Amino acid sequence: MEIEINLAPPEELKEKPSDVLKVPFGTVFTDHMFSMQYSASKWHDAMIHQFAPLSLSPAALCLHYGQGIFEGMKAYKHEERVLLFRPEKNFERLNRSANRMVMPHVDVDIALEALKKLLLIENSWVPDVAGSSLYIRPTMIGTQAKLGVKPADEYLFYIILSPVGPYFREGFSPVNIYLSTEYVRAVRGGVGVAKTIGNYAAGLFAGTKAAEVGCSQVLWLDALERKYLEEVGTMNIFVKFDDELATPPLSGTILAGITRDSVLTLAKDMGVKVMERQISVDEVIEGIASGKVVEMFGCGTAAIIAPVGSLWFNDRPYTVSDGKTGKLTQELFDELTGIQSGIREDRYGWIVEVD
Ligand SMILES: *Cc1c(COP(=O)(O)O)cnc(C)c1O
C-alpha cells in the first residue's frame, strides 16, 4: 500500500517540551500522525500528515455505540537508534480486538511499515533521557454516520505519538491500589479481553472511589465470585508468594498484556518459579498478614512495572513489602527497561529497530 506523505509546514512545527520527564502522561503530541480510511471493504488513503483534529459526523457509530479499539506501545532512543519493543504483538492484538468488536483487520506488515515511516519523520521527537520514551497510540474507530445499532461499514485507523516520562506522578515507586469489591470490570463472554474504549469508561467510577482513599488504581476481582484477582487499571497483576511468582491466567476476562508475557519469560529465565493461576483475595490478604506475600506489582506498557505499596480492602489499607519496591520487582524492572531502551542485551529478539 502506498503511503502518501504530506509534511506540516516548517513554521507550524511545535516546540518540544524542555523536560519530558515533567510532562503529564499523554498530553503532548508530535507534529505528524498516520491515518487511513476503510470503506467498501478495503483500506485506502494511507497518509502521514500534520497532527490535526478529526472530522467526524456527530452520528459516527463509534460515538454512540463504542466501536473503538486501541493499542499502546513505546519507541525508545538509544545512541541515535530508534527501538520498538515487540511491535507486531500489538498489531496482532489490535486484530484480535477487532474480531471481538466486529471491526476490520489491519495488515500487520502495513501497520508496522506505516509506524516506522512515521517514526523516521518524527525521529527528533523520540526522547533519549533515561525514563522517557515516545508513546504510540494506534486507534481504530467506526466512523459511519448511522444511528441504527450495527457494525459500521466505514472506519478510521490512525496512529498518534506522545513523548512521555513516567506514567505515575510517583515515578518508579510503590503505588497504592484499591481492591474493588462492589464494581467489576469484565465478565467471561464480555469484552474484557479486547482493548476497547468502553472498558475504560466502565472502570472510571470505581476509580473515583479509589481516589477518595488515596489509591491511584483499581484492582479488579472476577465478576462471578468476586474472589479472584483479575488485573489492575491499565496493568496485569503479579504477586510473589515466598519463592513463587504468580499471575492470573488468561481466562477470557483480562487483557493479554505484552508486558505480562515478557515478565513471565524474564522471570522464568531468572530461575524464578512462575505460575499462571487463580489468586484469591483471601490468599493475598492472609499472605500479607503472614508474610507469605513478599512482593506485588502491576505491569503494562505505559507504567512498565509498578510496585504495589499497599492494597485497600474492606475499608483499610494493607501494606505490601513494607511499602517499598521488592527485590524481584526491581530486577524485572531493570532488565525489562534495559532491554526496551537498548542498554541491555536483547536475548529474545524482542527489539525492532526503526531504520
Ligand atoms: C493495555 C492493557 C494492559 C497491558 O498490556 P500491555 O500489552 O502490557 O501494555 C493490561 N490491562 C489492560 C486493561 C490494558 O488495556
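Positions are given from 1 along the sequence. Bear in mind the structure is a predicted one, so any value in this text is a computation, not a measurement. Read the numbers this way: they start at 1 and go in the same order the structure lists the ligands and their atoms.
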Fill in the blank from the handout: Among non-hydrogen protein atoms, atom 9 (O) of ligand 1 lies closest to Thr301 OG1, 2.6 Å
Handout entry: Ring geometry between Phe70 and Tyr200 (parallel below 30°, tilted from 30 to 60°, perpendicular above 60°)
Key = tilted
Exercise for the section: Check whether more than 12 heavy atoms from other residues, nucleotides or ligands sit under 6.0 Å from atom CD of Glu11, and answer yes or no. Expected result: yes
Problem - Ring centroid separation Tyr158 to Phe34 under 6.0 Å - result: no
Practice task
Could you list the atoms of ligand 1 found under 4.0 angstrom from a heavy atom of Thr234?
Solution key: 2 (C), 3 (C), 4 (C), 10 (C), 11 (N)
Exercise for the section: Could you tell me whether Lys89 atom NZ has more than 12 heavy atoms of other residues or ligands within 6.0 Å of it? Expected result: no
Practice task
Could you tell me whether Tyr200 and ligand 1 have an N or O pair separated by under 3.5 Å?
Solution key: yes
Completion exercise
re atom 5 (O) of ligand 1, the protein heavy-atom contact at minimum distance is Gly257 CA, 3.4 Å
Practice task
Check Leu255 against ligand 1 and report side chain, backbone, both or neither, counting heavy atoms closer than 4.0 Å.
Solution key: side chain
Practice task
Between Arg185, Lys74, Arg86, flag the one that comes closest to atom 13 (C) of ligand 1 by a heavy atom.
Solution key: Arg185
Handout entry: Lys/Arg cation over aromatic Tyr318: Arg316, 6.0 Å, 45° cone
Key = yes
Practice task
Measure the distance from atom 2 (C) of ligand 1 to every protein heavy atom, then report the residue, atom name and distance (to 0.1 Å) of the closest one.
Solution key: Lys195 NZ, 2.6 Å
Problem - Identity and separation of the nearest protein heavy atom to atom 8 (O) of ligand 1 - result: Thr259 OG1, 2.6 Å
Practice task
Report, as yes or no, whether the 6.0 Å neighbourhood of atom NZ on Lys16 holds more than 12 heavy atoms from other residues, nucleotides or ligands.
Solution key: yes
Exercise for the section: Check each atom of ligand 1 against the heavy atoms of Gly233 and keep those under 4.0 Å away; list them by number with element. Expected result: 13 (C)
Exercise for the section: Looking only at protein heavy atoms, identify the closest one to atom 11 (N) of ligand 1 and say how far it is in Å. Expected result: Glu231 OE1, 2.5 Å
Exercise for the section: Run the contact test for Arg93 against ligand 1 with a 4.0 Å cut-off on heavy atoms, strictly below, and give the result. Expected result: yes
Problem - Ring centers of Tyr135, Phe25 separated by less than 6.0 Å - result: yes
Practice task
Determine the interplanar angle of the Tyr38 and Tyr155 rings, folded into 0 to 90°, and report it as parallel if under 30°, tilted if 30 to 60°, perpendicular if over 60°.
Solution key: perpendicular
Practice task
Check whether more than 12 heavy atoms from other residues, nucleotides or ligands sit under 6.0 Å from atom CD of Glu225, and answer yes or no.
Solution key: yes
Practice task
Number the atoms of ligand 1 from 1 as they appear, then name those within less than 4.0 Å of a heavy atom of Ile258, with their elements.
Solution key: 6 (P), 7 (O), 8 (O)
Exercise for the section: Mark up the atoms of ligand 1 that fall under 4.0 Å of a heavy atom belonging to Met235, in ascending order. Expected result: 10 (C), 11 (N)
